[in-house]
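Below: one structure, written as structure tokens.
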Amino acid sequence: MYTNRKYYEPYVGPFDPCPPIRVKSYSTPPNLYLGFQPPGLEQYSAREALYRGTLWKALCDPYRSKREE
């Protein structure tokens, strides 16, 4: 399944002073997977585009906190 969120497991040393975070994640922007802009991409209305920060629905990447996932 395709997802913009990627996960990795960092090295946890035996003498780390803080409790380790076993799995970390980061978000990748959707334009990495788009390549050239295809003609006829679906668009938001002008008002919705200003709210979302992009005109094209394929490039919309809303922020989601880790708690929401």
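All residue numbers refer to positions in the sequence shown, counting from 1.
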(request) Scan for side-chain hydrogen bond (donor to acceptor under 3.5 Å, both in side chains) pairs involving residues 51-60, sequence neighbours excluded, and state none if there are none. (result)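 Sorted result for residues 51-60: Glu42-Lys57, Glu48-Arg52.
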(request) List in chain and number order the residues that pass side-chain hydrogen bond (donor to acceptor under 3.5 Å, both in side chains) with Thr28, two or more places apart in sequence or in another chain; answer none if no residue qualifies. (result)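 So Thr28 forms a side-chain hydrogen bond (donor to acceptor under 3.5 Å, both in side chains) with Tyr33.
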(request) Not counting sequence neighbours, which residues clear side-chain hydrogen bond (donor to acceptor under 3.5 Å, both in side chains) with Asn31? List them please. (result) none
(request) May I ask you to list the residues sharing a hydrophobic cluster with Tyr8, side-chain cutoff 4.5 Å, ordered by chain and number? (result) Tyr26
(request) Of all the heavy-atom pairs spanning Pro30 and Cys60, show the shortest one and how long it is. (result) CG-O, 4.3 Å
(message) Tell me whether the count of non-hydrogen atoms from other residues, nucleotides or ligands lying under 6.0 Å of CD1 in Ile21 goes above 12.
(response)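 No, because the 6.0 Å sphere around CD1 of Ile21 holds 12 heavy atoms or fewer from other groups.
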(request) Give, for atom OH of Tyr44 and atom CG of Leu59, the distance between the pair rounded to the nearest 0.5 Å. (result)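 Reported to 0.5 Å precision, the distance equals 9.5 Å.
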(request) With sequence neighbours excluded, tell me which residues meet side-chain contact (heavy atoms from CB on, under 4.5 Å) with Arg22. (result)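 Scan of Arg22 (side-chain contact (heavy atoms from CB on, under 4.5 Å), adjacent residues dropped) gives Val12, Pro20.
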(request) Please list, chain by chain and in numerical order, all residues satisfying side-chain contact (heavy atoms from CB on, under 4.5 Å) with Pro38, sequence neighbours excluded. (result)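 With neighbours one apart ignored, the set is Leu34, Leu41.
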